[in-house]
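This report refers to the structure that appears directly beneath it.
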Amino acid sequence: MTALPSLILRTAVRWISPLLLLFSLFLLLRGHYEPGGGFSGGLIAATGFALLTFGYSLNTARRLLRVPPITLVAVGIGLSLATGILALITGKPFLTGLWVKVPLAGTVTLELGTPLLFDVGVYLTVIGATLTMLFEFAEE
Amino acid sequence: MGLLVTLPLLLSLAFSLTLFAVRRRRTASHVLAIIGASALLALAIALLVVVAREGLQVVALGEWPAPYGIVLVADLFSAAMVLICALVSWATIVYATAWIDPERERTGFYPLVFALLLGVNGAFLTGDLFNLYVWFEVMLMASFVLLVLGAERGQVEGGIKYVSLNLLASAFFLSATGILYGISGTLNFADLSRVLSGTDPRILDLVAVLFGIAFGIKAGVFPLFFWLPASYHTPPVPVSALFAGLLTKVGVYALVRVFTLLFVHNPGWTHTLLLGCAALTMLTGVFGALAQHDVRRILSFHIVSQIGYMIFGLALLTPLGLASSVFYLIHHIVVKTNLFLIGGLIERAFGTGSLDRLGGIFRERAWLGLLFLIPAFSLAGIPPLSGFTAKLLVIRAGLATHSYLATAIAVVVGLFTLLSMLKIWNEAFWKAPPEGGHADTASVQYNARLILPTIVLAAVTLYLGIAGEMLLGLSMKAAEQLLDPAGYRAAVLGTVNPVVIAGG
């Protein structure tokens, strides 16, 4: 596919793509208690790479992603599966959320839980699946 | 024992991922795929034993209780389906390791097969309607890629018909699910069955027909079956065999589930409709097969006609009727997969599945003929094979409810099935080889992994016929459970602990 010869798009993409990636991480974390989450975050992140594909080239997008997108899908599903199995190991049903409390300074404690890990798995899977399709089409 | 219900899904997914990671290494893929299939088989046996001993098994995933969370439920019917599917997928995977070309293996044949099994097992074990939809989609995606993997011309053509009709079915399924959720505010099977008894039956009639269409397309019921014979003969033989054994049966399973648990408000309308469809499905399938001249195409049309028998039992909604459906499903999955695998052996040695260009196989390879006769006669319903008991049950159930016309059709279709099997026998095995036909076929040697699965499946068919008592008992008990929605509700909703919910 030939990149669109638009200077405006290229210049904009340089700024917008990193912002989108940051925003996708924000959505991923926000999704824990409020609207957002791995799925929407993953889609936004994939948009960032999609803009790179159109503004620059397929190769640029592939190079910046570093790994083949299909690998991201496998790693993402694997991560979510492993998170669910953690609960099985502790004798609870599959996918039960597990929590640890890490005491920080003073009365502040940090609660870490497996639902976030599961969401990261979803995030990676969505990025991978979307980009697999996009790259496939962009090649034609 | 909740672990046993979850594990078939986890193992399928884990093996799918592992096989994806090693997809470029052939030997490792073969070994892992066979290990995975064997593990699933062992697990399925354990699950059935536990369900038979201890009754329904329910797991609330993530400790969110039903009807709010997602539950997995294994009753006798679903556990038996998981087991029989594990058996035929084991056979097909062993067969596939000696059949599939390296190119297809590199592009992910085995990961896709296990993804398909994930969808199939999920559909059998899920306890709510929306997840049934999700598992159907998982199955559809995996099966579509398997169907067109390798991208030969015929494959893509069959694949397009397959996927467009199945997407239509998904659209019906999703809209029906939406309407049902709008009416009842829940999608958990047990909760739905509780709520729906107080709903306006006229709306339920409509929703029931929508579900009937959705699952009818998936199951290949008249008049929605034409995608099936258009696509099943195009992919490599193991893929055909797997599809023939599993895919339409998941549609039948879903029909049985919703028309015993949810839509029993007005059997005079819904189940009479099913009965009509069943009779026409039997007829069109068998007549379609008579017009065909290719082994796999004939077999594909017979899938359609046999689906009719299973729906017939369901439509009667009696204990004997449902038992005959369960028995028929189990018998049919084994027999049909085996027939496709044996058809593949013929294609491999003689280079074609077309009856016009085959002949004299019995003279060259008598054992192949005998191997073919077992599932073929079982399909046609010759005693003492499993198909005889299955057909006898269906006919007795039909007579007991005075559905004489449909029963007569079932008998006649049985005769035509025999005719059709004899056609394959005469043309491929018995008649003189055609002029200038296969000369150097004697040199083709079969790998043991091609033959072993067909022998195992034939032995199972023989066993289910001679020792049918056991399967009959199982089918009767499964039918009893299916006709007892109250027991299902108690098992699933009994897990709700009000204190937990109040405490948040």
Side-chain angles (χ1 to χ4, degrees), chain A residues 31-33 37-39 42 67-100 111-137 139-140, chain B residues 1-24 57-66 68-74 106-108 110-112 114-115 118-119 121-122 125-127 131 134 137-138 141-142 144-145 148 151 495 497 500 504:
Chain A
H32 196 74
Y33 286 121
F39 193 87
V67 288
I70 193 84
T71 312
L72 275 185
V73 177
V75 170
I77 297 178
L79 186 61
S80 296
L81 181 69
T83 319
I85 291 177
L86 269 185
L88 278 183
I89 294 170
T90 58
K92 304 209 163 176
F94 181 59
L95 282 180
T96 307
L98 303 173
W99 296 89
V100 280
E111 274 193 74
L112 288 177
T114 50
L116 178 64
L117 272 181
F118 182 85
D119 239 10
V120 172
V122 175
Y123 179 78
L124 294 177
T125 310
V126 171
I127 298 178
T130 319
L131 290 183
T132 306
M133 290 184 261
L134 180 79
F135 287 174
E136 201 65 35
F137 282 125
E139 240 165 39
E140 282 170 11
Chain B
M1 297 311 289
L3 193 58
L4 264 182
V5 188
T6 332
L7 272 181
L9 306 182
L10 298 187
L11 265 192
S12 315
L13 183 54
F15 271 99
S16 182
L17 288 173
T18 325
L19 283 162
F20 178 79
V22 300
R23 68 187 183 283
R24 289 201 177 78
Q57 299 291 310
V58 183
V59 188
L61 291 181
E63 282 190 336
W64 299 100
Y68 310 102
I70 294 170
V71 285
L72 297 179
V73 185
R106 265 199 302 280
T107 31
Y110 298 111
L112 284 166
F114 277 87
L118 171 70
N121 285 333
L125 291 174
T126 182
N131 279 283
V134 173
E137 291 301 296
V138 170
M141 272 192 279
F144 178 61
V145 183
V148 296
T495 57
N497 182 350
V500 173

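In what follows, chains are A, B, ... by sequence order, proteins preceding strands, each numbered from 1.
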Is chain A contacted by the side chain of B:Leu61, its backbone, both, or neither, given a heavy-atom distance below 4.5 Å?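 It is both, since atoms from each part get that close.
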Interface moiety of B:Ala21 toward chain A, non-hydrogen atoms closer than 4.5 Å: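 For B:Ala21, there is no contact with chain A at all, as no heavy atom is under 4.5 Å.
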Within a strict 4.5 Å, meaning less than it, do heavy atoms of the [X] and [Y] side chains meet?
X       : Y        : value
B:Val73 : B:Leu125 : no
B:Leu10 : A:Phe94  : yes
A:Leu88 : B:Leu3   : yes

Holding to side chain to side chain contact (heavy atoms under 4.5 Å, CB included), I want the full list of residues that pass it with B:Ala142, two or more places apart in sequence or in another chain.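 Partners of B:Ala142 by the side chain to side chain contact (heavy atoms under 4.5 Å, CB included) criterion, ordered by chain and then number, come out as B:Ala115, B:Leu116.
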Using 0.5 Å steps for rounding, measure from the [atom1] atom of [X] to the [atom2] atom of [Y].
X       : Y        : atom1 : atom2 : answer
A:Phe39 : A:Ile127 : CZ    : CD1   : 12.0 Å
B:Leu13 : B:Phe114 : CG    : CZ    : 11.5 Å
A:Leu72 : A:Tyr123 : CG    : OH    : 10.0 Å

Contact origin within A:Leu81 toward chain B - heavy atom pairs under 4.5 Å: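 Looking at A:Leu81, just its side chain touches chain B.
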With a 4.5 angstrom heavy-atom cut-off, which part of A:Ala74 approaches chain B: side chain, backbone, both or neither?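 Both parts, backbone and side chain.
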What would the table of donor-acceptor pairs between chain A and chain B look like if you include every N and O pair under 3.5 Å, whether backbone or side chain?
unit_1, atom_1, unit_2, atom_2, d
A:Phe94, O, B:Gly62, N, 2.8

Which of the residues A:Ile85, A:Val75, A:Leu95 is involved in the greatest number of heavy-atom pairs with chain B at under 4.5 angstrom?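 The candidate making the most pairs under 4.5 Å is A:Leu95.
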Over all heavy atoms of both residues, which pair between A:Gly128 and A:Val73 is shortest? Give the atoms and the distance, please.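 So the two residues come closest at C-CG2, 3.4 Å.
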